[in-house]
Amino acid sequence: MDLFEYQGKSLFARMGVPVPEGREARTPDAARAAAEDLGGRVVVKAQVQVGGRGKAGGIKLADGPDEAFKHATDILGMDIKGHTVHLVWVEKASDIAAEYYVSFTLDRGVKKHLAIVSARGGMDIEAVAVDEPDAVVKMHIDPVVGLTNWQASEIVYRAKLDRASARKAAAALRKLYAAFVSLDCDLVEVNPLILTGDGEVVALDSKVTLDSNAFFRHPDFEEFRAAFVEEPMEKMARERGLNFIKLDGSVGIIGNGAGLVMSTLDVVSLVGGAASNFLDVGGGAGADTITNALDVLTKDPTVKSVLINIFGGITRCDLVAQGIAEALDGLELRWPIVVRLDGTNAVEGREILQGVVSDSVIPAETMREAAEKAVELAERG
Ligand code: GDP
Ligand code: MN
């Protein structure tokens with residue numbers, strides 16, 4: 001589960017990493033009150049789970065309470081890359097001397113943690129990584145040993161962080177790593193971790209992904225879940241027992257099994273398209289499940305074509321085909337559907353599908369052919 005910036009920073013604070021003092025605000029009046037309370041200059045920051053808020057106008061400096069009110073009025077309700085802002089975080093403005101980039105993730109390939117650190121953090125880190133890869137330091141951390149003082153200092157040295165505050169930077173890295181491990185995170189990213197005018201090292205932003213499989217170890221994380229405003233489509237899918245994630249493209253995807261759906265996303269992108277979602281209907285998909293899945297996609301205006309990709313294992317293709325046929329019967333289709341069935345009883349399944357084939361229900365033999373057809377239809381539609 002991804003956390004909001006202010007939630008991640010509350011965890012950092014708990015672990016002893018310095019963060020600016022701030023308040024939550026759901027209304028412009030609350031933002032004004034927060035600014036009065038904090039005193040001096042403040043920053044009003046949109047709380048959405050997507051990067052690039054600064055460039056989208058979701059982060060604004062205010063001289064005092066009136067300006068904080070005005071910025072909160074502009075930012076609340078704003079749409080940032082498809083995410084609506086329901087909450088702003090108002091925090092004391094920081095005096096920034098340098099912006100660093102820090103992240104900790106798991107490198108499954110080498111079975112170690114990976115630290116990525118750069119002295120060139122801030123809003124253009126992606127460009128730095130491409131244009132000046134040497135400015136981005138990557139170092140593996142042995143999970144058994146952990147991030148030692150020695151290794152943290154070496155990272156700080158190699159990433160060319162400020163010499164005078166090297167010890168503070170190394171201490172911040174170790175505390176962030178301790179947070180990453182002890183809180184069972186999949187990702188801890190701080191961009192920027194700043195150096196202030198008086199040499200302090202402070203986390204100004206946070207991107208924290210918690211491993212939901214470890215929630216049983218952290219009952220206090222329930223408060224994070226409660227603050228989470230689910231996107232309507234994801235909520236609908238969850239209530240219907242479907243595993244759904246919204247993406248940016250125009251080809252709606254329905255498949256059985258997470259692995260198959262992931263490969264379907266890859267093949268769609270390989271043939272030049274982009275999926276509008278991930279949707280796994282799980283095993284034993286009958287008419288109800290297919291109907292539910294199509295219902296969810298109907299709520300998405302960005303879908304231009306749909307690709308149903310079923311591989312029969314324990315699930316028999318003829319039963320799924322029966323489900324698709326029943327689901328399509330009487331359904332007013334808003335887009336063409338390409339169906340690919342393979343695996344157990346595929347021949348029987350395809351025969352059943354023949355009964356519903358039309359201009360807008362198109363069978364395909366292979367995954368690649370199905371993806372090509374669906375992408376072409378999405379481009380046309
Ligand atoms: P993001 O764009 O979603 O990654 O949001 P960030 O929290 O990283 O903020 C974007 C940028 O806003 C930072 O890189 C800073 O340059 C700037 N910013 C954020 N907070 C402050 C602050 O307190 N003072 C100043 N001067 N700039 C800030
Ligand atoms: Mn940032």
Side-chain angles (χ1 to χ4, degrees), residues 1-22 43 45-55 58-59 89 91-107 113-129 135-141 146-147 149 151-162 165-197 199-211 224:
M1 183 176 79
D2 294 337
L3 297 186
F4 289 108
E5 173 201 356
Y6 74 100
Q7 296 174 326
K9 287 194 325 201
S10 78
L11 291 178
F12 294 170
R14 250 196 252 172
M15 299 299 290
V17 180
V19 295
E21 189 188 349
V43 187
K45 308 185 79 176
Q47 297 300 295
V48 281
Q49 290 166 332
V50 64
R53 296 164 303 159
K55 286 189 176 162
I59 298 197
W89 177 245
E91 71 177 18
K92 280 192 173 167
S94 302
D95 166 23
I96 305 179
E99 300 196 5
Y100 305 145
Y101 174 92
V102 174
S103 73
F104 294 103
T105 47
L106 175 66
D107 186 342
H113 293 140
L114 180 67
I116 304 179
V117 178
S118 174
R120 305 277 307 279
M123 294 198 274
D124 291 310
I125 185 68
E126 287 83 2
V128 172
V136 179
V137 169
K138 296 182 181 176
M139 239 175 137
H140 285 106
I141 301 165
L147 181 58
N149 199 7
Q151 193 181 18
S153 304
E154 189 185 356
I155 294 174
V156 166
Y157 176 77
R158 284 184 32 194
K160 302 191 177 68
L161 306 191
D162 179 69
S165 42
R167 285 177 62 177
K168 281 183 175 152
L173 289 187
R174 293 186 69 199
K175 286 173 184 161
L176 289 168
Y177 179 75
F180 171 74
V181 173
S182 68
L183 303 174
D184 294 305
C185 303
D186 286 333
L187 168 73
V188 164
E189 183 187 70
V190 187
N191 185 31
L193 176 75
I194 60 159
L195 177 69
T196 66
E200 297 299 323
V201 175
V202 178
L204 213 60
D205 191 7
S206 88
K207 194 167 168 193
V208 173
T209 305
L210 300 173
D211 178 355
F224 296 139

Quiz item: Looking at Asp107 and Lys138, does any basic side-chain N land under 4.0 Å from a carboxylate oxygen?
Solution: no
Quiz item: CD/Glu189 to OH/Tyr101 distance, rounded to the nearest 0.5 angstrom?
Solution: 3.5 Å
Quiz item: Under the criterion side-chain contact (heavy atoms from CB on, under 4.5 Å), which of Leu161, Val137, Ile125 is the partner of Ser118?
Solution: Ile125
Quiz item: Are the side chain of Asp211 and the backbone of Asp186 linked by a donor-acceptor contact shorter than 3.5 Å?
Solution: no
Quiz item: Sub-3.5 Å donor-acceptor pair from the side chain of Gln49 to the main-chain atoms of Asp2, do we have one?
Solution: yes
Practice problem: Look at the side chain of Gln151 and the backbone N and O of His140, then say whether any donor-acceptor pair between them is shorter than 3.5 Å. | Solution: yes
Quiz item: Is there a donor-acceptor pair closer than 3.5 Å between any side-chain N or O of Glu99 and the backbone N or O of Leu193?
Solution: no
Quiz item: Between Asp162 (side chain) and Ser165 (backbone), is there a donor-acceptor pair under 3.5 Å?
Solution: yes
Quiz prompt | Pairwise side-chain contact, Ile141 with Leu114, heavy-atom cut-off 4.5 Å (strictly under) | solution = no
Which atom pairs, one a donor and one an acceptor, fall under 3.5 Å between side chains of residues 170-177 and the rest of the protein, sequence neighbours left out?
unit_1: Arg174; atom_1: NE; unit_2: Leu147; atom_2: O; d: 3.1
unit_1: Lys175; atom_1: NZ; unit_2: Gly16; atom_2: O; d: 3.4
unit_1: Tyr177; atom_1: OH; unit_2: His113; atom_2: ND1; d: 2.7

Quiz item: Between atom CG of Leu195 and atom CD1 of Ile96, what is the distance when rounded to the nearest 0.5 Å?
Solution: 10.5 Å
Exercise. Using the side chain to side chain contact (heavy atoms under 4.5 Å, CB included) rule, take Gln7 and Gln47 through it: C-alpha gap first, then chi angles, then the decisive distance, then the call.
Key: CA-CA 10 Å; Gln7 296 174 326; Gln47 297 300 295; over 6 Å; no
Quiz item: What distance separates Asn191 CG from Leu204 CG, expressed to the nearest 0.5 Å?
Solution: 10.0 Å
Exercise. Using the side-chain contact (heavy atoms from CB on, under 4.5 Å) rule, pick out the option among Phe12, Phe4, Phe224 that qualifies with Val208.
Key: Phe12
Practice problem: Return the minimal non-hydrogen interatomic distance between Ile194 and Asp95, and the atom names on each side. | Solution: CD1-O, 4.5 Å
Quiz prompt | Non-hydrogen atoms of Val117 and Ala159 that approach each other most closely | solution = CG1-CB, 3.8 Å
Practice problem: Please name the pair of heavy atoms, one in Phe104 and one in Ala115, separated by the smallest distance, quoted to 0.1 Å. | Solution: CE2-CB, 3.6 Å
Quiz prompt | Between CG on residue Leu106 and SG on residue Cys185, distance to nearest 0.5 Å | solution = 12.0 Å
Quiz item: Looking at Val136 and Ala129, what are the two nearest heavy atoms and their distance?
Solution: CG2-CA, 4.0 Å
Quiz item: Under 4.0 Å between a Lys/Arg side-chain N and an Asp/Glu carboxylate O for Arg53 and Glu5?
Solution: yes
Quiz item: How far does CE of Met1 sit from CG of Leu210, to the nearest 0.5 angstrom?
Solution: 5.5 Å
Quiz item: Any idea which heavy atoms bring Lys9 and Ala203 closest together, and the distance?
Solution: CD-O, 3.7 Å
Exercise. Decide yes or no for Thr209 and Leu3: does some side-chain heavy atom of the first lie under 4.5 Å from some side-chain heavy atom of the second?
Key: no
Exercise. Count the heavy atoms of every other residue, nucleotide or ligand shown that sit under 6.0 Å from CZ of Arg167, and state whether that count exceeds 12.
Key: no
Practice problem: State, to 0.1 Å, how close Lys168 and Val201 come at their nearest heavy-atom pair, and which atoms those are. | Solution: CB-CG2, 3.9 Å
Practice problem: Kindly say whether Val188 contributes a backbone atom to a donor-acceptor pair with the side chain of Lys207 at under 3.5 angstrom? | Solution: no
Exercise. Measure from the side-chain N and O atoms of Glu91 to the backbone N and O of Trp89, and report whether any donor-acceptor pair falls under 3.5 Å.
Key: no
Quiz item: Atom CD1 in Ile155, atom CD1 in Ile116: separation rounded to 0.5 Å?
Solution: 10.5 Å
